[in-house]
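Data block below; observations after.
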Amino acid sequence: MRLSQYFLPVLREVPSEAEIASHKLMLRAGMIRQASAGIYTWLPLGFRVLKKVEGIVREEQDRSGAIELLMPTLQQAELWRESGRYDAYGPEMLRFKDRHEREMLYGPTNEELITQVFRGAAKSYRDLPRILYHIQWKFRDEIRPRFGVMRGREFLMKDAYSFDMSVEAARHSYNRMFVAYLRTFARMGLKSIPMVAETGPIGGDLSHEFIILADTGESQVFCHADLLDTPIPPADVDFGSDLTPHIAPWTRHYAATDDKHDEGRFAAEVPQNKRVSARGVEIGHIFFFGTKYSEPMGCRVQGPDGNMVSVQSGSYGIGVSRLPAAIIEASHDDAGIVWPVPVAPFEVGLVNLKPGDKAADRACEGLYARLEGAGVSVLLDDTQERPGGKFATMDLIGLPFQLIVGPKGLKGGEVEIKDRKSGARTTASPEAAVKRLVGEVRAQRILA
RNA sequence: CGGGGCAUAGCUCAGCCUGGUAGAGCACCUGCUUUGGGAGCAGGGGGCCGGGGGUUCGAAUCCCUCUGCCCCGACCA
């Protein structure tokens with residue numbers, strides 16, 4: 001992509017509406033614009049990141065054996081009356097009527113809808129187990145949206161729903177999502193920690209919130225420091241096998257959010273020098289709820305013994321549109337964003353310091369073609385802005401690598417590579433630079 | 001929903017108290033100069049001062065009202 005033909009409205013100053021780093025940076029880097037309170041337009045640069053994040057979520061869901069479908073954003077009230085949630089859900093559910101005066105709602109979640117779909121299609125124990133998921137926009141009319149897309153009213157969410165014959169089988173489905181989540185977040189460069197969460201009326205230990213540590217997190221969290229360096233399950237993990245060996249290392253140490261925190265246990269189970277007390281952002285939540293919806297909504301299948309049984313279910317959410325902000329919270333500096341390669345909107349920022357200069361133009365066109373040819377995504381700054389401004393913009397939008405080309409360097413047959421994260425700058429011949437960048441980008445695309 | 005605040009150019013803000021007909025910096029356009037970490041000079045474009053009503057000879061400014069947005073709290077993927 002050529003910057004001269006792109007749509008990247010960067011801001012030099014911080015809009016007064018923004019409070020936290022990720023919100024400020026997303027506005028400044030031309031990733032988002034607010035449409036109304038808690039509702040955002042994703043500008044081209046932000047949209048590319050959102051797509052990357054969504055892609056990783058999808059890959060790991062698929063890898064775990066979950067099956068993608070797509071449910072609508074609009075639902076009818078009637079369905080929610082079946083589960084009893086239409087009246088139970090508060091004013092954060094957006095309700096309205098269509099032209100026929102039918103009561104409708106913009107879905108805040110999809111348990112009812114998926115249960116309706118599943119009960120109409122699954123009749124036998126042979127149709128189980130299944131995990132179905134979709135990635136769709138949701139709306140929750142939060143009293144007070146804030147922090148940009150971190151806590152918007154409209155948000156993109158991956159939600160999966162599992163269907164099993166027994167609680168034991170459901171536990172395995174739960175574990176599949178547990179492992180998928182660990183991999184998903186690690187691939188984005190995030191250190192997520194599963195923390196014990198409220199299980200509601202079901203009880204047991206089948207609910208975890210996946211938290212990343214960030215100073216601007218909305219809740220206080222407590223955990224064992226070793227969890228931060230626990231190994232991620234490998235890409236070739238067999239999801240059909242017993243997954244507890246992959247999960248045990250993550251559940252053996254203390255980890256809880258403030259509402260579940262037990263100071264006494266924390267002190268007893270975690271050595272003083274291993275106690276982590278920090279702010280955290282919730283990026284995922286997995287939850288087993290048994291027959292909460294299948295029972296009232298009549299989602300039953302016939303077992304091998306001929307008896308009808310209500311299916312055992314769980315739901316598993318990931319706040320997709322919140323993740324770009326969460327990643328920025330975890331990865332930025334004073335100059336701007338520092339994208340991990342797997343979610344970077346472009347992998348290389350190619351800076352032509354002097355467009356119009358024949359040598360610089362020719363060199364940039366060649367480098368651009370060769371990098372793109374090697375499958376590396378490039379944003380070529382071919383604008384007339386001055387060098388200082390170009391550097392500042394590149395640092396702000398946070399592309400992992402900058403390839404800087406100017407007449408001076410070219411006289412000596414050199415271009416410069418800057419690593420955005422370390423700030424390290426090295427020179428190389430154009431040929432060597434391409435080779436190194438292609439190698440680095442490919443190596444860093446896979447973080448887990 | 002309670003409490004507080006804000007609304008003037010694309011962004012950050014001044015002007016309002018004490019009414020007199022629109023400002024600055026950055027951004028943008030033109031020219032010259034400049035060109036390796038947000039340059040300089042000169043010229044220029046852009047705002048029914050959030051909407052409506054009122055007071056007044058006259059309202060960005062005073063009064064009433066509506067709307068939107070932000071912050072603190074309770075709530076929250």
Side-chain angles (χ1 to χ4, degrees), chain A residues 9-20 23-24 27-28 30 33-39 57 89-93 107-111 135-160 181 185 192 197-198 207-212 217-219 257 259 280-287 315-323 325-326 334-336 351-357 360 381 383-396 402-412 414-416 418 423 425 427:
Chain A
V10 299
L11 299 173
R12 194 157 167 177
E13 296 185 71
V14 184
S16 54
E17 70 203 59
E19 190 80 356
I20 64 172
H23 190 192
K24 290 177 183 170
L27 289 167
R28 287 193 55 211
R33 283 291 182 275
Q34 178 166 301
S36 71
I39 301 176
V57 169
Y89 226 95
E92 69 175 24
M93 181 153 78
T109 177
N110 288 56
E111 280 84 3
I135 299 174
Q136 177 63 292
W137 291 91
K138 307 263 188 298
F139 192 90
R140 291 182 193 171
D141 200 356
E142 300 287 344
I143 295 167
R144 188 153 99 82
R146 68 181 116 173
F147 303 151
V149 295
M150 189 77 94
R151 201 176 142 197
R153 294 194 293 169
E154 186 184 53
F155 56 97
L156 186 62
M157 181 176 177
K158 185 286 299 183
D159 41 323
Y181 277 35
F185 300 132
S192 73
E198 289 292 341
S207 180
H208 285 87
E209 288 180 14
F210 285 72
I211 302 279
I212 61 162
E218 66 257 73
S219 51
T257 57
D259 49 330
V281 175
E282 181 183 351
I283 52 178
H285 194 168
I286 58 177
F287 193 84
S315 63
Y316 314 88
I318 290 179
V320 176
S321 55
R322 159 181 276 200
L323 279 167
D334 290 344
V351 181
N352 185 343
L353 288 176
K354 194 169 183 181
D357 178 275
D381 186 346
T383 65
Q384 294 298 325
E385 202 181 350
R386 298 171 54 79
K390 295 189 174 194
F391 293 136
T393 297
M394 277 297 166
D395 285 350
L396 172 64
Q402 294 170 21
L403 181 53
I404 300 159
V405 179
K408 284 186 189 172
L410 286 173
K411 273 188 187 134
E414 288 182 331
V415 295
E416 183 178 290
K418 175 177 168 178
R425 291 187 286 180
T427 55

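Predicted, not measured: the structure shown is a model, and the values here were computed from it. Naming convention: chains lettered A, B, ... in sequence-line order (proteins, then strands); numbering from 1 in each chain.
Between B:G50 and B:G68, the two C1' atoms lie 7 Å apart (nearest whole Å). Using atom P as the reference point in both B:C28 and B:U55, the two lie 46 Å apart (nearest Å). Separation of the C1' atoms belonging to B:G15 and B:G20 is 14 Å when rounded to the nearest angstrom. Across B:U18 and B:U61, the matching P atoms stand 14 Å from one another, rounded to whole Å. Taking atom C1' on both nucleotides, B:G38 is separated from B:C75 by 42 Å, rounded to a whole Å. Distance check on atom C1': B:A59 versus B:A22 gives 13 Å, rounded to whole Å. A gap of 15 Å separates the P atoms of B:A14 and B:C62, to the nearest Å. Rounded to the nearest Å, the gap between the C1' atom of B:U67 and that of B:G40 is 45 Å.
With both pairing distances under 3.5 Å, B:C75 is matched to nothing as a Watson-Crick or G-U wobble pair. Base pairing analysis places B:C16 opposite nothing; no Watson-Crick or G-U wobble pair with both distances below 3.5 Å involves it. When Watson-Crick and G-U wobble pairs are counted only if both distances are under 3.5 Å, B:C28 pairs with B:G44. Across all strands shown, B:A59 has no partner, as no Watson-Crick or G-U wobble contact with both distances under 3.5 Å is found. Pair assignment for B:C6: B:G68, on the basis of Watson-Crick or G-U wobble contacts that are both within less than 3.5 Å. Base pairing analysis places B:G36 opposite nothing; no Watson-Crick or G-U wobble pair with both distances below 3.5 Å involves it.
Remark: A:Asp395 pairs with A:Ala335, A:Gln402, A:Lys418, A:Arg420 by the side-chain contact (heavy atoms from CB on, under 4.5 Å) rule, at least two apart or across chains. Taking the salt bridge (Lys or Arg N to Asp or Glu O under 4.0 Å) definition, one finds that A:Arg140 meets it with nothing, sequence neighbours left out. Contacts of A:Lys24 classified as salt bridge (Lys or Arg N to Asp or Glu O under 4.0 Å), with partners at least two apart in sequence or in another chain: none. Here A:Pro387 pairs with A:Leu353, A:Phe391 under the side-chain contact (heavy atoms from CB on, under 4.5 Å) rule; sequence neighbours left out. Under the side-chain contact (heavy atoms from CB on, under 4.5 Å) criterion, A:Glu385 pairs with A:Thr383, A:Lys390, A:Thr393, sequence neighbours left out. Qualifying salt bridge (Lys or Arg N to Asp or Glu O under 4.0 Å) partners for A:Glu154, counting only residues two or more places apart in sequence or in other chains: none. Every residue meeting the salt bridge (Lys or Arg N to Asp or Glu O under 4.0 Å) condition with A:Glu142, not counting sequence neighbours, appears here in chain and number order: A:Arg151. By the side-chain contact (heavy atoms from CB on, under 4.5 Å) test, A:Leu396 pairs with A:Val10, A:Leu25, A:Arg28, A:Ala29, sequence neighbours left out. For A:Tyr181, the ring pair (Phe, Tyr, Trp, His ring centres under 6.0 Å) partners at least two apart in sequence or on another chain are A:Phe185, A:Phe210.
Contacts of A:Gly409 with the nucleic acid, taken as non-hydrogen atoms under 4.0 Å apart, include base atoms. Among the atoms of the strands shown, base atoms are found under 4.0 Å from some heavy atom of A:Gly389.
Remark: C1' of B:C71 and CD1 of A:Ile20 are 14 Å apart, rounded to the nearest angstrom. For the pair A:Asn352 CG and B:G36 P, the interatomic distance rounds to 13 Å; values are reported in whole Å. Between the CE atom of A:Met394 and the P atom of B:G36 there is a distance of 17 Å, given to the nearest Å. Between the C1' atom of B:C69 and the CG atom of A:Leu27 lies a distance of 13 Å, rounded to the nearest Å. Rounded to whole angstrom, the span from the CD1 atom of A:Ile39 across to the P atom of B:G68 amounts to 12 Å. Following rounding to the nearest Å, A:Leu410 (CG) and B:U35 (P) show an atom-to-atom distance of 17 Å.
Judged purely by atom type and a 3.5 angstrom limit, A:Arg322 uses its side chain to pair as donor or acceptor with the backbone of A:Glu282.
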Tabulate atom names and distances for all N/O pairs under 3.5 angstrom spanning the protein and nucleotides 7-13 of chain B.
unit_1, atom_1, unit_2, atom_2, d
B:C11, O2, A:Glu13, OE2, 3.2
B:U12, OP1, A:Ser16, N, 2.6
B:U12, OP1, A:Ser16, OG, 3.3
B:U12, O4', A:Glu13, OE1, 3.3

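In terms of heavy atoms, A:Leu323 sits closest to A:Ile318 at CD1-CG2, 3.7 Å. Contact record, A:Gly38 with A:Pro145: CA-CB, 3.7 Å, taken as the closest heavy-atom pair.
When only modelled atom types and interatomic distance are considered, A:Ser207 and A:His285 share a side-chain donor-acceptor pair under 3.5 Å.
Between A:Gln34 and B:C70, a side-chain N or O to OP1/OP2 separation shorter than 4.0 Å is present. Distances shorter than 4.0 Å separate none of the side-chain N or O atoms of A:Lys354 from OP1 or OP2 on B:U35.
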For nucleotides 72-77 of chain B, just jot down a letter per nucleotide in 5' to 3' order: B, S or -, based on protein non-hydrogen atoms under 4.0 Å.
BBBBBB

A correct 5'-to-3' footprint of nucleotides 28-34 of chain B, with B, S and - meaning base, sugar-phosphate only and no protein heavy atom under 4.0 Å, is ------B

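Remark: A:Asn352 CG to A:Ile404 CD1 distance equals 11.5 Å, nearest 0.5 Å.
Here the side chain of A:Pro387 is nearest to one of B:G38, B:G36, B:C69, namely B:G36.
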